[in-house]
Amino acid sequence: MQSPTTTTYTTIPISGTDVIFRSFQNLFSFLSLRRPWPEFISNAASFDRPDSLTVAATRIRVNSKFFGVNYGIIITACAAVSLIGDPTTLLAFASVFTMWLVLHVFREDPMVVCGHHVHDHLVTLCLVLITGIAIWKLGFVSNLLIGVAVGVLISVVHEVFRNPQGVYLDESDAASEGLVSISSIE
């Protein structure tokens, strides 16, 4: 009788450049989820005042799911515009922001540097330290907070006043409006 063998699975370490390349691919695939800007802006008939706070909260929930990537782009653009007065600060912000996206947010493989596995906690700690040093040395936190606040304000105003009628998050929403038949979903 044969003895059962256990199979162990390990991840294949890849180089740092491959990690960065794949992170950029993940970033671009994430950005491809944005809705077209004409659909985002739509026409004047798509904008009206909500009847109540409940309707406003529903609009915020639906629109944030549907246009979430667009709102992220608006907030990031407002943050960048707030730093445009000082090109050094803008460059530092862009560099730190890109490092966070590539090395933390969109990275899915383990980081290997000079043949050694780098733990995720160490990557996060280094990114926090680099961010703290950049903020401390350049002192752009007040401008950045103003830019982010303006971007959030623009996004919330759009979420509240954009009527989500005709916006379908999934097939069941479309079926409830009679856009597709139930049998085509199943």
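Fair warning: this is a prediction, and the values are worked out from it, not measured in the lab.
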*Asks:* Assigning hydrophobic clusters by single linkage (Ile, Leu, Val, Met, Phe, Trp, Tyr; side-chain heavy-atom cutoff under 4.5 Å), is L53 placed with V62?
*Replies:* no
*Asks:* Do V150 and S82 have side chains that approach each other closer than 4.5 Å (heavy atoms only, starting at C-beta)?
*Replies:* no
*Asks:* Distance-only check: which donor-acceptor pairs under 3.5 Å involve side-chain atoms of residues 125-132, not counting sequence neighbours?
*Replies:*
| residue | atom | partner | partner atom | Å |
| --- | --- | --- | --- | --- |
| T131 | OG1 | W100 | NE1 | 2.7 |
| T131 | OG1 | L127 | O | 2.7 |

*Asks:* By ring-ring contact (aromatic ring centres under 6.0 Å, His included), which residues pair with F161, not counting sequence neighbours?
*Replies:* none
*Asks:* Please report the interatomic distance NE2(H158) to CD1(I74), rounded to the nearest 0.5 Å.
*Replies:* 7.0 Å
*Asks:* For the residue pair C78 and G151, what are the closest heavy atoms and their distance?
*Replies:* SG-CA, 3.7 Å
*Asks:* Just say parallel, tilted or perpendicular for the rings of F93 and F97, cut-offs at 30° and 60°.
*Replies:* parallel
*Asks:* Under a single-linkage definition using a 4.5 Å side-chain heavy-atom cutoff for Ile, Leu, Val, Met, Phe, Trp and Tyr, are V81 and I75 assigned to the same hydrophobic cluster?
*Replies:* no
*Asks:* Do the side chains of I133 and V141 join up, straight or via other hydrophobic residues, at under 4.5 Å, putting them in one cluster?
*Replies:* no
*Asks:* So, taking the atom named CG in L83 and the one named CG in L91, what distance separates them when rounded to the nearest 0.5 Å?
*Replies:* 11.0 Å
*Asks:* Can you see which heavy atom on L138 is nearest to which on T89, and at what distance?
*Replies:* CD1-CA, 4.2 Å
*Asks:* Restricting to non-hydrogen atoms, name the atom on R59 and the atom on P164 that form the minimum distance, rounded to 0.1 Å.
*Replies:* CG-CD, 3.6 Å
*Asks:* Taking a hydrophobic cluster as the set of Ile, Leu, Val, Met, Phe, Trp and Tyr residues connected by side-chain heavy atoms closer than 4.5 Å, whether directly or through intermediates, do L145 and L90 fall within one such cluster?
*Replies:* yes
*Asks:* Is L153 reachable from F47 through a run of I, L, V, M, F, W or Y residues, each pair having side-chain heavy atoms under 4.5 Å apart?
*Replies:* yes
*Asks:* For T98, which residues count as a side chain to side chain donor-acceptor pair (under 3.5 Å) partner, sequence neighbours excluded?
*Replies:* none
